[in-house]
Amino acid sequence: MSTPSPKSARADVHVSYHQMLVTDRSGADHPTRVPNGLTASAPGAAVILTGIHTGVVDVTVQLTDSPPATTAEGWDEVEEVELITFTGEMRVCGLMSDLPEALPNLTPLGPGRYGMRVHVRGRDLDPAAVPAVPFEFYLVTVWPIEVGAQARAKLGVGVAEELGLPDKSSEIRRWASEHAQPEHQPGRRARETSSPPPPSPVLGMARASEHRLRIANPYQTPAAEPALPEGLVGAVPDAVVIRTLKGRGMVGVHVRWEQSGAGRPVSRWEEAEEIEFVTTTGIMRVEGMSTYHDEEPPNLTYQGAGRYGLRVHGRSRRGERPSNRPGESYLLVVWPIALGAGA
């Protein structure tokens, strides 16, 4: 049985490049954009900006059972974000430095969602200094929001085992950098508990190969790939194949998300077919897709691991000869059916 983490501890933390990290060393990228100027988070990682570029700051970690009353008395700034951890082992450290042994694990109750509030004073005293004795002081307070089996299921932890598939825990953790696009997402405020709204529809192109348009996690090889379907679309866990008329070349791809499969009917498309598919990692992308507005290729299953519905519509084509111009197009409509390990 593990020893409970202490409720409060302090240590000097060596920082560089104006950054202090909260990380579980799982490979998740920390945010590079911090709109509130102090702290931002993404699944699996968070960043706290310091006034000094390089040197030592004083950090106190406080673990609580629930959000404490907010007070700014004696502090210059206070900001709050939400932490998501896939490992339950998030710790404070300086960028490219060792973990301070005196500071505890911030997420001792395991994988899930936590609130993190950061108080700071002294960031503006002398940003050009390289102090050996700290004059910047930070208080990092963390409390659980949603932990335990339900939280693990929503994050996809253990989904592969539940479905009897090979363990893909490392790929699940890679979702940390993909799910929230940390360079653009500052993290959700801890007080906001609603699920994220569906993304806006995305238009683009993708390359068909061997009459196949593939949908899979680009960071893993699926356990199996569907056979070329006789109809429009086929699926196995972690892989979907759409049968194209064009043997190879570019096809148009439109992606749209719905809350359920009872969305408005789609006209002007020649054929349509609907299936269910399973993702154990919560990352499913159209292979080789590029968008018309230079956006990141969309993650079709942005709500995490589980079971989804997919309706594929196909529209007119101009023959099957290879071409760099899409002569056929597909509309992909996606919605969640059951999320988490129980899906």
Side-chain angles (χ1 to χ4, degrees), residues 3-42 44-85 87-108 114-144 182 186-187 189-190:
T3 302
S5 295
K7 292 293 185 179
S8 181
R10 68 154 301 278
D12 291 347
V13 176
H14 293 264
V15 303
S16 55
Y17 295 97
H18 300 284
Q19 294 178 77
M20 183 162 49
L21 303 183
V22 177
T23 176
D24 58 10
R25 303 292 177 126
S26 65
D29 291 333
H30 67 275
T32 57
R33 182 172 174 266
V34 184
N36 64 33
L38 178 57
T39 183
S41 71
V47 64
I48 300 170
L49 299 185
T50 61
I52 60 170
H53 178 282
T54 304
V56 176
V57 298
D58 183 291
V59 178
T60 297
V61 166
Q62 184 177 31
L63 305 181
T64 63
D65 297 327
S66 59
T70 303
T71 176
E73 185 177 354
W75 300 95
D76 299 333
E77 302 169 73
V78 182
E79 295 291 348
E80 186 175 302
V81 292
E82 182 178 293
L83 297 178
I84 293 178
T85 172
T87 65
E89 289 288 339
M90 299 196 79
R91 296 177 180 269
V92 176
C93 66
L95 182 67
M96 299 182 293
S97 66
D98 295 332
L99 296 172
E101 295 182 1
L103 295 182
N105 175 17
L106 301 184
T107 54
Y114 294 76
M116 181 177 77
R117 186 177 300 155
V118 180
H119 293 72
V120 61
R121 66 175 178 268
R123 278 210 307 170
D124 298 329
L125 285 178
D126 191 356
V130 184
V133 176
F135 55 75
E136 292 185 24
F137 295 85
Y138 296 79
L139 171 62
V140 179
T141 307
V142 179
W143 62 91
R189 295 278 183 174

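Model, not experiment: these values are computed from the prediction. These numbers come from the heavy atoms of this one structure, side chains and all, not from hydrogens, waters or symmetry mates.
- Considering only heavy atoms from C-beta on, His30 comes within 4.5 Å of Gln19 through its side chain.
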Apply side-chain contact (heavy atoms from CB on, under 4.5 Å) to residues Leu103 and Val13 and explain how you reach the verdict.
CA-CA 10 Å; Leu103 295 182; Val13 176; 4.0 Å; yes
Trace of the side-chain contact (heavy atoms from CB on, under 4.5 Å) decision for Ile48 with Leu38
CA-CA 6 Å; Ile48 300 170; Leu38 178 57; 4.2 Å; yes
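- Side-chain atoms of Arg117 and Pro67, non-hydrogen and from C-beta on, do get closer than 4.5 Å to each other.
- Scanning for ring-ring contact (aromatic ring centres under 6.0 Å, His included) contacts around His53 gives Tyr17, His18, with sequence neighbours left out.
- Nearest heavy-atom pair, Pro31 versus Ala46, reported as atom, atom and distance to 0.1 Å: CD-CA, 4.1 Å.
- Panel note: side chain Ser41, backbone Leu83; no donor-acceptor pair is recorded below 3.5 Å.
- Between Thr50 and Tyr138, the shortest heavy-atom contact is CA-OH, 3.2 Å.
- Taking all atoms of both residues into account, the shortest heavy-atom contact from Ile52 to Asp126 is CG2-O, 3.8 Å.
- Partners of Asp76 under the side chain to side chain contact (heavy atoms under 4.5 Å, CB included) rule, at least two apart in sequence or in another chain, are Arg121.
- Among pairs with a residue in residues 54-74, those fulfilling salt bridge (charged side-chain N to carboxylate O under 4.0 Å, His left out) read Lys7-Asp65, Arg10-Asp58, at least two apart in sequence or across chains.
- Leu49 is not listed as a side-chain neighbour of Thr39, based on a closest heavy-atom distance of 4.5 Å or more.
- Taking the side chain as every heavy atom from C-beta outward, Leu21 and Cys93 approach each other to under 4.5 Å.
- Between Ser8 and Thr60, the closest side-chain pair of non-hydrogen atoms falls below 4.5 Å.
- Within 6.0 Å of CG on Asp124 lie no more than 12 heavy atoms contributed by other residues, nucleotides or ligands.
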Leu125 and Glu136: side-chain contact (heavy atoms from CB on, under 4.5 Å), yes or no, with the steps?
CA-CA 8 Å; Leu125 285 178; Glu136 292 185 24; over 6 Å; no
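- For the side chain to side chain contact (heavy atoms under 4.5 Å, CB included) test, residues two or more places apart in sequence or in another chain that qualify with Thr64 are Gln62, Pro68, Thr141, Trp143.
- Taking Thr107 as the reference, Asn105 meet the side-chain hydrogen bond (donor to acceptor under 3.5 Å, both in side chains) condition, with sequence neighbours excluded.
- Panel note: side chain Thr85, backbone Gly44; no donor-acceptor pair is recorded below 3.5 Å.
- Of all non-hydrogen atoms in Trp75 and Phe137, the two that sit nearest each other are CZ3-O, 3.6 Å.
- Legend: residues meeting salt bridge (charged side-chain N to carboxylate O under 4.0 Å, His left out) with Arg123, ordered by chain and number and at least two apart, are Glu77.
- Between Met20 atom CE and His14 atom NE2 the span is 12.5 Å, to the nearest 0.5 Å.
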